[in-house]
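Quick notes on the structure that follows.
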Amino acid sequence: MNNKKTNSKGNFFSRKQFELLIVCVTTGFIIGYSYNQAKDNRESSAINSQLFEQEDSYREELIEQQERNKELTEEASALQEKIRKYEKQFASSEKDYKQLVEQAEDLRLILGDLNSEGKGIRITLQDGDYDPKSVNPNDYIVHESHVFKLLNELKISGAQAIAINGQRIMANSYIRCNGPVITIDGKQHPAPFVIEAVGDSSTLSASLNLSGGVVDQLLNDNIVVSLEENQKLIMPNVKIES
């Protein structure tokens with residue numbers, strides 16, 4: 001009789017332990033599943049945040065490019081309108097024929113419709129020497145802002161035609177900086193950037209070398225600048241790809 005009571009008691013505690021084991025295993029599974037689910041949610045949230053930031057950056061870049069394209073389109077339209085006005089004036093008065101033809105030729109040179117050949121200047125822009133004290137490499141590399149400064153000064157000084165690394169610059173050309181290279185109308189060009197301008201060498205050179213002018217500004221930005229005058233330059237017209 002005593003033996004039966006002992007066995008029954010032993011079986012009772014074994015069932016209790018088994019039930020406790022089941023509860024522990026189930027609880028552990030729930031905790032592990034919840035942890036993994038929370039981890040996945042955190043990782044998904046981080047990825048979504050990165051994608052949102054990247055998308056926002058692309059959107060801002062697209063807006064800037066659209067605004068730049070709008071400005072260039074308006075500039076090209078204004079130049080075309082000037083050509084039409086000159087042609088109308090020519091039709092009504094033969095007295096100014098020669099002057100109007102020359103001005104029309106200059107405008108077509110700017111637009112890249114004609115070949116350009118003549119003397120001018122050649123400017124080379126190179127990245128500055130590596131400075132271990134500078135933590136930002138942008139402090140000594142050529143950016144599109146440097147190129148824009150030079151192009152604007154050349155146009156103001158009467159350059160008839162301009163090319164960068166052999167690529168003709170049109171009135172509506174767009175230039176972007178992508179790290180160590182610049183993109184001109186969709187074509188990439190690495191440094192150094194050789195900028196050629198057809199026109200009066202002395203006038204173009206003097207405008208660039210004014211005290212506090214473009215060359216001084218480039219040198220202050222640690223850009224290496226070299227300038228050659230009286231260079232015989234040949235620039236083909238711009239071929240529009242269909």
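Side chains are part of it too, since the values below use all heavy atoms of this structure and drop only hydrogens, waters and symmetry mates.
- You'll find the side chain of Ile175 stays beyond 4.5 Å of the side chain of Thr183, heavy atoms only.
- For Asn209, the side chain to side chain donor-acceptor pair (under 3.5 Å) partners at least two apart in sequence or on another chain are Ser205.
- Applying the salt bridge (Lys or Arg N to Asp or Glu O under 4.0 Å) test to Glu61 and every residue at least two apart in sequence or in another chain returns Arg176.
- For the side-chain contact (heavy atoms from CB on, under 4.5 Å) test, residues two or more places apart in sequence or in another chain that qualify with Glu75 are Leu72.
- Leu204 and Leu219 fall within the same hydrophobic cluster, defined by Ile, Leu, Val, Met, Phe, Trp and Tyr side-chain heavy atoms under 4.5 Å apart, directly or through other members.
- With sequence neighbours left out, Asn222 forms a side chain to side chain donor-acceptor pair (under 3.5 Å) with no residue at all.
- Partners of Glu71 according to the salt bridge (Lys or Arg N to Asp or Glu O under 4.0 Å) rule, which considers only residues two or more places apart in sequence or in another chain, are Arg68.
- With sequence neighbours left out, the side chain to side chain donor-acceptor pair (under 3.5 Å) criterion links Gln217 to Lys149.
- When all heavy atoms of Phe193 and Ile182 are compared, the pair lying nearest together is CE2-CG1, 3.4 Å.
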Pair Ile83-Leu79, side-chain contact (heavy atoms from CB on, under 4.5 Å): steps then yes or no: CA-CA 6 Å; Ile83 292 176; Leu79 291 172; 5.8 Å; no
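- Heavy atoms only, all atoms of each residue included: Pro192 and Thr124 are closest at CB-CG2, 3.9 Å.
- By the side chain to side chain donor-acceptor pair (under 3.5 Å) test, Gln65 pairs with Asn69, sequence neighbours left out.
- Judged purely by atom type and a 3.5 angstrom limit, Tyr174 uses its side chain to pair as donor or acceptor with the backbone of Gly186.
- The structure places OG of Ser173 at 7.0 Å from CD of Gln167, a figure rounded to the nearest 0.5 Å.
- Between the side chain of Ser201 and the backbone N or O of Gly120, at least one donor-acceptor pair lies under 3.5 Å.
- Rounded to the nearest 0.5 angstrom, Ile123 CD1 and Ile195 CD1 are separated by 6.0 Å.
- Residues forming a side-chain contact (heavy atoms from CB on, under 4.5 Å) with Val224 (at least two apart in sequence, or on another chain): Gln126.
- Side chain of Ser157 to main chain of Leu154: no donor-acceptor pair is present (N/O by atom type, distance under 3.5 Å, no hydrogens or angles).
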Evaluation steps, side-chain contact (heavy atoms from CB on, under 4.5 Å), between Ile234 and Val198: CA-CA 8 Å; Ile234 300 175; Val198 174; over 6 Å; no
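- Linking ILVMFWY residues whenever their side-chain heavy atoms come closer than 4.5 Å, directly or via other members, leaves Val194 and Ile121 in distinct clusters.
- Across all non-hydrogen atoms, the minimal contact from Ala197 to Ile162 is CB-CG1, 4.3 Å.
- The side-chain heavy atoms of Leu210 and Leu208, taken from C-beta on, include no pair separated by under 4.5 Å.
- Among residue pairs with one or both ends in residues 196-220, those qualifying as salt bridge (Lys or Arg N to Asp or Glu O under 4.0 Å) are Arg122-Glu196; sequence neighbours excluded.
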Residues Met170, Asp185; criterion side-chain contact (heavy atoms from CB on, under 4.5 Å); working and verdict: CA-CA 9 Å; Met170 298 184 291; Asp185 297 335; 3.9 Å; yes
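- In plain terms, the two heavy atoms of Asp127 and Val142 that are nearest each other are OD1-N, 2.8 Å.
- With sequence neighbours left out, the salt bridge (Lys or Arg N to Asp or Glu O under 4.0 Å) criterion links Glu60 to no other residue.
- Of the options Ile184, Val181, Val147, Ile164, a side chain to side chain contact (heavy atoms under 4.5 Å, CB included) to His189 is made by Ile184 and by none of the others.
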